[in-house]
Visitor: 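Here you go, one structure.
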Amino acid sequence: MKLTSQICVLNARRYQMTDDKTGEVVAGVKITYIEEWSGELRQNESGVEVLSAIMDYSDWDKFANLPALYDAEFKMSAGSRGRPTLRLISAKYVQPFAPFGGGAKR
């Protein structure tokens with residue numbers, strides 16, 4: 001099952017390392033983001049929930065000039081212990097992030 005949502009990507013960090021046990025090169029881009037930003041903070045008792053996801057190493061160029069809004073596509077699959085989890089599978093740049101309605105318009 002695929003789901004779509006708009007997210008605000010706050011940060012992106014690229015990594016590439018060699019697994020000590022297998023010798024395999026492990027690479028990717030770790031992003032942190034907030035879901036469903038609508039110009040108002042949506043928060044629970046502990047504050048705004050910042051999420052993270054791993055994208056392909058080749059996606060690094062998509063995440064320039066952050067923070068920015070992206071149309072994201074998620075895939076639902078079984079996670080640990082068979083619990084459903086959402087995995088970010090793609091992100092398409094929309095516009096720079098403008099908090100509280102300042103600047104860019106959609």
Side-chain angles (χ1 to χ4, degrees):
M1 169 188 266
K2 291 184 181 178
L3 306 165
T4 58
S5 178
Q6 191 167 87
I7 62 173
C8 177
V9 177
L10 304 171
N11 186 343
R13 186 172 44 95
R14 180 170 51 174
Y15 63 89
Q16 186 172 12
M17 61 190 131
T18 303
D19 185 306
D20 292 337
K21 293 180 183 177
T22 65
E24 181 181 351
V25 175
V26 179
V29 177
K30 181 177 182 177
I31 65 166
T32 55
Y33 65 95
I34 299 172
E35 270 190 291
E36 298 181 356
W37 179 274
S38 65
E40 296 179 20
L41 290 176
R42 292 187 183 181
Q43 59 187 29
N44 57 28
E45 292 176 9
S46 62
V48 175
E49 185 175 9
V50 177
L51 305 167
S52 64
I54 302 297
M55 302 292 292
D56 289 336
Y57 192 81
S58 61
D59 289 330
W60 172 248
D61 292 336
K62 290 182 183 178
F63 301 107
N65 302 317
L66 298 177
L69 298 178
Y70 287 79
D71 286 333
E73 187 173 345
F74 297 87
K75 181 177 181 182
M76 185 175 291
S77 58
S80 64
R81 298 182 181 166
R83 294 181 180 165
T85 60
L86 284 178
R87 187 172 64 91
L88 180 62
I89 57 174
S90 71
K92 181 180 176 189
Y93 177 81
V94 175
Q95 67 186 29
F97 174 66
F100 310 111
K105 301 213 184 250
R106 183 171 186 189

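The residues of the chain are indexed from 1 along the displayed sequence. Below, all heavy atoms of this structure are taken into account, side chains as well, without hydrogens, waters or symmetry copies.
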Visitor: Over all heavy atoms of both residues, which pair between S90 and M55 is shortest? Give the atoms and the distance, please.
Guide: CA-CE, 4.0 Å

Visitor: List the steps and the verdict of side-chain contact (heavy atoms from CB on, under 4.5 Å) for Y15 and V26.
Guide: CA-CA 8 Å; Y15 63 89; V26 179; 4.2 Å; yes

Visitor: Does some side-chain heavy atom of I89 sit less than 4.5 Å from a side-chain heavy atom of K2?
Guide: yes

Visitor: Flag yes if L51 and I7 sit in one hydrophobic cluster, no otherwise; membership is Ile, Leu, Val, Met, Phe, Trp, Tyr, and two members link when side-chain heavy atoms are under 4.5 Å apart.
Guide: yes

Visitor: So does S77 get a backbone contact from the side chain of T85, meaning a donor-acceptor N/O pair under 3.5 Å?
Guide: yes

Visitor: Which heavy atom of Q16 sits nearest to which heavy atom of A27, and what is that distance?
Guide: CG-CB, 3.9 Å

Visitor: With a sphere of 6.0 Å drawn around CG of N65, does it hold more than 12 non-hydrogen atoms of other residues, nucleotides or ligands?
Guide: no

Visitor: Would you name the heavy atoms of A53 and Y33 that are closest together and state the gap between them?
Guide: CB-CE2, 4.0 Å

Visitor: Can you tell me how the ring of Y70 sits relative to the ring of Y93, calling it parallel under 30°, perpendicular over 60° and tilted otherwise?
Guide: perpendicular

Visitor: Kindly determine whether I31 and L88 satisfy side-chain contact (heavy atoms from CB on, under 4.5 Å), including the steps that lead there.
Guide: CA-CA 10 Å; I31 65 166; L88 180 62; 3.4 Å; yes

Visitor: At what distance, to the nearest 0.5 angstrom, does NZ of K62 lie from CG of D56?
Guide: 8.0 Å

Visitor: Rounded at 0.5 Å granularity, tell me how far CG in L10 sits from OG in S52.
Guide: 11.0 Å

Visitor: Would V25 and I54 show up in the same hydrophobic cluster when neighbours are defined by side-chain heavy atoms closer than 4.5 Å?
Guide: no

Visitor: Could you pull out the closest heavy-atom pair between F63 and A12, with the gap in Å?
Guide: CB-CB, 3.7 Å

